[in-house]
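Below is one structure, written out as structure tokens, with a few remarks after it.
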Amino acid sequence: MRFLPGAEEVWAVLPEARVVGGAVRDFLAGRAVADVDFAAPLAPEVFSARLAAAGIKVVPTGIAHGTVTALVGGRGFEVTALRRDVATDGRHAVVEFTDDWEADAARRDFTINAMSMDRDGEIFDYFGGRADLLAGVVRFVGTARARIVEDYLRILRFFRFFARYGGVPDEPAVAAIRELRDGVLGLSAERVWGELKRIVAADDPRAAVRLMAETGVLGSLVPEGVDLARFEKVVALASGVDGLLRVAALLAGDVEGFGERLKLSNEEQEFLVAVRAPLGLAPGAGDEDVRRALAETPGEVLVARTYLVQDEGLGWDELRGRLRRMTRPVFPLQGRDVLEMGVAPGPAVGEVLAAVRAWWMAGGCLGGLESCKARAREMVS
Ligand code: ATP
Ligand code: MG
């Protein structure tokens, strides 16, 4: 079975291993397969030793949980021993290694994620995942309620996969999520933010986010409130744009509180705040206004803002075209130019620069170094 470059080399050493989880799902769905994960009905020391003996580099990524990463041709393949759950407490599972494929599949979250495929391409589907994938149903393996209580992250994982593969919401899953929604409040900020980003990054996450709102999950995660209409508008307008812009569209209230609570990176936080600031331009704006805006704010931030404020009117694409095409004006005068005019080092330099910049902006950011110097000289003389 040709799968991804490198997979065959893992299989050559571990012929009894199977590809599991997302790779099987995406392969059957005809989607690009990102990571290929293997499971093996062997003890971790046994398959690690076999891989190493074949000259494959083995990184002990999560050896306590039975996972190593095999490096083949610049790619990493996770290989994990089959496991069965012994106990779970809503966050951590106690597992034991097994050679029972069905037991390993039973601890996976959704039927579409619980399939495995062997070296000959045979699919092992213990819980009807293939039919669910075709029907667009994200169904828990076992009882939704029980599986959520074992691990509340599964509420968000449900929406991640529903956003990507879902058509019809699975009623028992939705009912259990509605009942247990506050379980997401106990999850770490990193995990919540990681899942939220993946949810909104789906090609069309609108139905999933609507369902998150309907079940109350979104309200638990974002008590500041959301603007579903703006979110849906931005998804429709800007397919394939940065997921962070979609988040900016979704958040109705204070983005800083949200960013702090979910521990966004500084870069993410700054982007959210920047795109939520007023655009200050409208379709039909003159080039002078566009240049002024570009002098103050990077073009990509301005473009992102247009999506948030775009209304039914015409001309938005034209405005975005100009924002992308026009080069960003750079104020040419520098502190040393002002010092050369005899201004003493200190606050006066900044004052001259600010005043000349204001004049330069008022003129549509067209002045070059010489005209800015001339203006500065007039001011200091
Ligand atoms: P993606 O393409 O988004 O990475 P994936 O299926 O690979 O999708 P991962 O989060 O990488 O998703 O997890 C890999 C597999 O591990 C899943 O397909 C699922 O079988 C299992 N799994 C991961 N997290 C959980 C969980 N919290 N509960 C149960 N099973 C899980
Ligand atoms: Mg994965």
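All ligand and atom numbering here is 1-based and tracks the order in the structure.
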Do Thr61 and Thr69 have a side chain donor and acceptor closer than 3.5 Å? yes
Just jot down the ring-ring contact (aromatic ring centres under 6.0 Å, His included) partners of Trp360, sequence neighbours excluded, or say none. Phe331
Show me, by chain and number, every protein residue that has a heavy-atom distance under 4.0 Å to ligand 1. Gly21, Gly22, Arg25, Arg107, Arg108, Asp109, Asn113, Asp151, Arg154, Arg157, Arg160, Phe161, Arg164
Just list the side-chain donor-acceptor pairs under 3.5 Å for residues 373-381, sequence neighbours left out, or say none.
unit_1: Ser381; atom_1: OG; unit_2: Arg377; atom_2: O; d: 3.1
unit_1: Ser381; atom_1: OG; unit_2: Glu378; atom_2: O; d: 3.2

Working to the nearest 0.5 angstrom, can you tell me the gap between Ile56 CD1 and Leu71 CG? 9.5 Å
Expected list for residues 17-34: side-chain donor-acceptor pairs under 3.5 angstrom, two or more places apart:
unit_1: Arg18; atom_1: NH1; unit_2: Ser116; atom_2: OG; d: 3.1
unit_1: Arg18; atom_1: NH1; unit_2: Tyr126; atom_2: OH; d: 3.0
unit_1: Arg25; atom_1: NE; unit_2: Tyr165; atom_2: OH; d: 2.9
unit_1: Arg25; atom_1: NH1; unit_2: Asn113; atom_2: OD1; d: 2.6
unit_1: Arg25; atom_1: NH2; unit_2: Tyr165; atom_2: OH; d: 3.1
unit_1: Asp26; atom_1: OD1; unit_2: Tyr165; atom_2: OH; d: 2.4
unit_1: Arg31; atom_1: NH2; unit_2: Arg164; atom_2: O; d: 2.8

Evaluate the side-chain proximity of Ile199 to Val209: yes if any heavy-atom separation is below 4.5 Å, no if none is. yes
